[in-house]
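One structure is given here, and the rest of the page talks about it.
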2 protein chains.
Amino acid sequence: MSETGDELTDRLTEVFDLVGPLYRRAQRKVEQDAPIEGLSVGVRAVLNMLREHGPMTVPQMGRDQALSRQFVQRTTNDAAARGLVEFVPNPAHKKSSLIRLTEAGRAAITAVIDRERAVLRQIGGDLTEAEITACLRVLSRLLRLVDDVDVD
Amino acid sequence: MSETGDELTDRLTEVFDLVGPLYRRAQRKVEQDAPIEGLSVGVRAVLNMLREHGPMTVPQMGRDQALSRQFVQRTTNDAAARGLVEFVPNPAHKKSSLIRLTEAGRAAITAVIDRERAVLRQIGGDLTEAEITACLRVLSRLLRLVDDVDVD
DNA sequence: AGAAAATGACACCTTGGTTGTCATGAATGA
DNA sequence: TCATTCATGACAACCAAGGTGTCATTTTCT
């Protein structure tokens, strides 16, 4: 094993290696948990964005999550077909309407999030505020690093 | 937004929300970076496991990364076809051979990792050892939490 | 007003990853 | 020891996440 760099870099690599398994297992966990509401991970992501940021347009969501515009579009249309979101006229843009959560959509995403939070809470006690803050900072930095990949 | 829980849980949710985009963008970054060596993310993962743990069997790798046995098998066969890994007889198990990096395989994965490390190093300076340690701890906890999902 | 960019619709494709089945080789317990 | 059960590998079918390409319409910019 060549000693090319500093210790920190090694540790960062470890972080990266953790993200993969975590993402995959979490995804399975979610889709194994969510079928009651029938939300795919895509729909879940859209609903969650709307829940946090309020109404947004499709391209906005795509940029926000580094997903292709078309993918978000499809997902959004799907969510709309299920009555989870609705298109409201965008004063600033005739063609590109704002996407807003319906009551059903809000109920669905809230239920999912609450269930996830319940699970998260079980382990939260063991971790300190500072640790989580640090984690967020590290992940944000990593995210910003790979952020220049532009899609669409 | 219902105030159902503690602050910590909220922050953990944030962590989770960061893992998704990070995984996706990193994956794209890797596959956009790695084509020189021609490694898919699957092959990359296999080679990296072998690089860190030494020779292992396919099922071992699957369990380690929470991937289905068959997926790892396919990926491994692919890697073998490209001469990146080789099957060495397993004294403890006639049917299940150990998978070992070839010289070419080691060279390939080393090159990839080194390039990644170079990128990582750019931002490493901004983060402290303690922060990364905390991040690793948090992610590990999360990983353990969703760990009971068994595949295959 | 005209050119360039943004949006939506639609179709196609790639690929990461799983599931199922079957045959064979390994472990286990009566 | 033998029968049963479990682990492994091969092969195929399948699914879903997500991207790409194209075209028509709408917006924006100069």
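To find a chain, count down the sequence lines: A is the first, B the second, and so on, and within it residues start at 1.
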**Q.** Note, Val72(A) side chain near Gln65(A) side chain (heavy atom, < 4.5 Å)
**A.** no
Q) Separation of Tyr23(B) atom OH from dT15(C) atom C1', in whole Å? A) 11 Å
Q: May I have the distance from Gln60(A) (atom CD) to dA6(C) (atom C1'), rounded to whole angstrom?
A: 12 Å
Q: Starting from C1' on dG9(D), measure out to CG on Asp78(B) and report it in whole angstrom.
A: 16 Å
Q. Looking at dT18(C), dA10(D), dG18(D), which one has an atom nearest to any side-chain atom of Arg74(A)?
A. dG18(D)
Q) So, is Ser96(B) close to the dG9(D) phosphate, meaning a side-chain N or O under 4.0 Å from OP1 or OP2? A) yes
Q | Val43(B) to Ala79(B) - nearest heavy-atom pair and separation | A | CG1-CB, 4.3 Å
Q: Rounded to the nearest angstrom, tell me the gap between atom CE in Met61(B) and atom P in dA7(D).
A: 18 Å
Q: Compare all side-chain heavy atoms of Pro21(A) with those of Leu143(B) and state whether any distance is below 4.5 angstrom.
A: yes
Q.
Regarding Arg74(A) and Asn77(A), do their side chains bring together a donor and an acceptor under 3.5 Å, going by distance alone?
A. no
(Q) Under 4.0 Å between a side-chain nitrogen and a carboxylate oxygen: does that hold for Asp17(A) and Arg44(B)? (A) yes
**Q.** Among dA17(D), dT7(C), dA9(C), the nucleotide that comes nearest once only the side chain of Pro59(A) is considered
**A.** dT7(C)
Q) Is the distance from OP1 or OP2 of dG8(C) to the nearest side-chain N or O of Asn77(A) less than 4.0 Å? A) no
Q: Please state whether the phosphate of dA17(D), meaning OP1 or OP2, lies under 4.0 angstrom from any side-chain nitrogen or oxygen of Arg44(A).
A: no
**Q.** d(CD1, Ile99(B); P, dT8(D)) in whole Å
**A.** 12 Å
Q | Salt-bridge contact Arg82(B)-Asp78(B) (side-chain N to carboxylate O under 4.0 Å) | A | yes
(Q) So, does Arg24(A) get its side chain near the phosphate of dA16(D), meaning an N or O under 4.0 Å from OP1 or OP2? (A) no
Q: Let me know, please, whether Phe71(A) or Ala92(A) comes out on the 5' side of the other along DNA chain D by nearest nucleotide.
A: Phe71(A)
Q) With a 4.5 Å limit on heavy-atom distance, are the side chains of Val46(A) and Met61(A) in contact? A) yes
Q. Which part of the nucleic acid does Thr57(B) contact within heavy-atom distance under 4.0 Å: base, sugar-phosphate only, or nothing?
A. nothing
List every contact pair, protein side and nucleotides 21-25 of chain C side both N or O, where the distance is under 3.5 Å.
| residue | atom | partner | partner atom | Å |
| --- | --- | --- | --- | --- |
| dT24(C) | O2 | Lys95(B) | NZ | 2.5 |

